[in-house]
Amino acid sequence: MEERNLICINCPMGCALAVTMNGTEVVKVSGNTCKRGDIYARKEVTNPTRIVTSTIRVTGGDESMVSVKTKEDIPKGKIMDCVKALKEVTLNAPVCIGEVILENVADTGTDIVATKNVRAV
Amino acid sequence: MKNYDIVIIGGGPAGLAAAVSAKENGIESILILERDKELGGILNQCIHNGFGLHTFKEELTGPEYAGRFIEQVNELQIEYKLHTMVMDIRADKVITAMNREEGLFEIQAKAVILAMGCRERPRGALNIPGYRPAGIFSAGTAQRLVNMEGYLPGREVVILGSGDIGLIMARRMTLEGAKVKVVAELMPYSGGLKRNIVQCLDDYGIPLKLSHTVVDIQGKERLEGVTLAEVDGKGKPISGTEEFYSCDTLLLSVGLIPENELSGGMGVELNPVTSGPRVNESLETNIEGVFACGNVLHVHDLVDFVSEEAKAAGKNAAMYVKSEGITDRPASDKGKKPCVRLKATDGVRYTVPETIHVDRMADTLTVRFRVGGVYQNCFISAYFDDERVIHKKRPVVAPGEMEEIKLTKEQLEKYPDLEMITVKIEEA
């Protein structure tokens, strides 16, 4: 049995988690104060994932950039591919919160959605 | 002169939540004054996720979190003015403001909610020797440039200070193609949240050098490099530990200061530890009917707690306005029995609030505070005069993470002669 110590990144509480592992199998998670911590710990030791946030250029709007995020978390190893894919995109205003900007970004199976409203001017 | 029941200074997360709460508590005449071109305040440039888990039970980015409150403000038809700078507030609650459409104008309020937020500590406050070339930014300025204006401030970056904005920007600059070489922190512990060390530095292999600072800045026109050195227990650089880092950009994330020029000008008493107003259980300052919430009161780590605090301030301001004309006004200190004072000691740097009128407190009151150092396996204790009433075990507390205790009215009513609650850290 091996124990791995993690810091939960789900919210600013930053709970100190202890994951008991038997080889690659998770036996027990402790130290979490909510269910998210348990899910995070199990993922982090097997397939770590992150939500990626970035910005995309907009033309014809009241802002020159719109903030975006991956709708779900994506594998850590895909973060740079995801950000690179966003560099290729320019949007036309208007843009609405929740609007899908790019489907299946970098073959992650996850869409990029806007997180800010940009009005057309 | 226009009249409003409640005027809120600032349309960021605190101002928005206070406005919504005041309206929901029956006040129709509310005005928010905001100096930027849009509501939402600093959340608009905080494009990262992790907001709203407490308030909305889901994980949002900053603009999305702000968007939820802006929607509520619009639905409730709360009035606001953008591009409007408040110049002065008088103790009799006359507000002088200006904008391009109306010029200079005055507003009479019955209650004022201070929600101006905070600003970043600048280089000038740090006494770093060396040249003054281009390429030195506060982390928040860089955040605005990257996330809102679409400019990358530089390619090779050193960050001084491990505040949350600096950590977030270490990741953000990396994702935008810059090379973040190191984050240096003067203190032996990080000033930011642990989760940000993990997901912003560790994920990208960015080293964090604790007990290190910048001792020289090189470059005449544009920054060419900085020299870091280790510091001793008193923060003095240790000779012989200097190390040169070539870079074109230095970001400073060295603390936030509540923005209280307006509060000071109207005679609001400030706490030298927080640089924010001294408030009672209603988040009311020493001036009756003037309330404060959010980062202007004390710097928070978590916007969810700002919203919670602002909601209380909005409700209390509404109650204050509604009680106008009643001689035994609940929100008046005069002629009432003396209030309970809160004292911060033994590792606890301050408490918000600082005084409690038990008769006016809500059923539960959250007392928030920060500690002055890192303590492991300690207890957070509250003594009601000499009796220890709260004794909460904490595996670790640190200055970068705000702590709280909850007091209930029921609990306090059991101590009718209580004069002082002492909040302290006790080591096991």
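All chains are named by letter (A, B, ...) in the order of the sequence lines, taking the proteins before the strands, and each is independently numbered beginning at 1. It should be emphasised that the depicted structure is a prediction, and the values quoted were computed from it without experimental measurement.
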Within a reach of under 6.0 Å around [atom1] of [X], are more than 12 heavy atoms found that belong to other residues, nucleotides or ligands?
{"X": "A:Lys35", "atom1": "NZ", "answer": "no"}
{"X": "A:Glu3", "atom1": "CD", "answer": "yes"}
{"X": "A:Lys78", "atom1": "NZ", "answer": "yes"}
{"X": "B:Tyr151", "atom1": "OH", "answer": "no"}
{"X": "B:Lys392", "atom1": "NZ", "answer": "yes"}
{"X": "B:Arg35", "atom1": "CZ", "answer": "no"}
{"X": "A:Arg42", "atom1": "CZ", "answer": "yes"}
{"X": "A:Lys71", "atom1": "NZ", "answer": "no"}

Taking atom [atom1] of [X] and atom [atom2] of [Y], what is their separation to the nearest 0.5 Å?
{"X": "A:Ser67", "Y": "B:Gln45", "atom1": "OG", "atom2": "CD", "value": "11.5 Å"}
{"X": "A:Ile79", "Y": "B:Asp203", "atom1": "CD1", "atom2": "CG", "value": "6.0 Å"}
{"X": "A:Lys69", "Y": "B:Glu64", "atom1": "NZ", "atom2": "CD", "value": "3.5 Å"}
{"X": "A:Ile9", "Y": "B:Asp202", "atom1": "CD1", "atom2": "CG", "value": "10.5 Å"}
{"X": "A:Cys15", "Y": "B:Arg195", "atom1": "SG", "atom2": "CZ", "value": "11.0 Å"}
{"X": "B:Gln199", "Y": "A:Asn10", "atom1": "CD", "atom2": "CG", "value": "9.0 Å"}

task: Please state whether the side chain, the backbone, both or neither of B:Phe305 comes within less than 4.5 Å of a heavy atom of chain A.
output: neither
task: Please state whether the side chain, the backbone, both or neither of B:Val146 comes within less than 4.5 Å of a heavy atom of chain A.
output: backbone
Counting only heavy atoms closer than 4.5 Å, note whether [X] contacts chain B via side chain, backbone, both or neither.
{"X": "A:Asp62", "value": "backbone"}
{"X": "A:Cys34", "value": "neither"}
{"X": "A:Ile97", "value": "side chain"}

message: A side-chain contact here means heavy atoms from C-beta on lying under 4.5 Å apart; do A:Met80 and B:Thr174 qualify?
response: yes
Looking only at non-hydrogen atoms, find the nearest pair between [X] and [Y] and report the distance.
{"X": "B:Met148", "Y": "A:Glu63", "result": "CE-OE1, 4.0 Å"}
{"X": "B:Glu58", "Y": "A:Arg36", "result": "CA-NH2, 4.2 Å"}
{"X": "B:Asn147", "Y": "A:Met65", "result": "O-CB, 3.5 Å"}
{"X": "B:Leu175", "Y": "A:Val83", "result": "O-CG1, 3.2 Å"}

task: Determine, for A:Lys116 against B:Glu38, whether the closest basic-nitrogen to carboxylate-oxygen distance falls under 4.0 angstrom.
output: yes
query: In terms of heavy-atom pairs under 4.5 Å, which option from B:Pro395, B:Gly52, B:Pro63 contacts chain A the most?
result: B:Pro63
message: Can you tell me which of B:Asp164, B:Ile47, B:Val198 forms the most heavy-atom pairs within a distance under 4.5 Å of chain A?
response: B:Ile47
Residues that B:Glu176 engages under salt bridge (Lys or Arg N to Asp or Glu O under 4.0 Å), provided they are two or more places apart: A:Lys87, B:Arg172
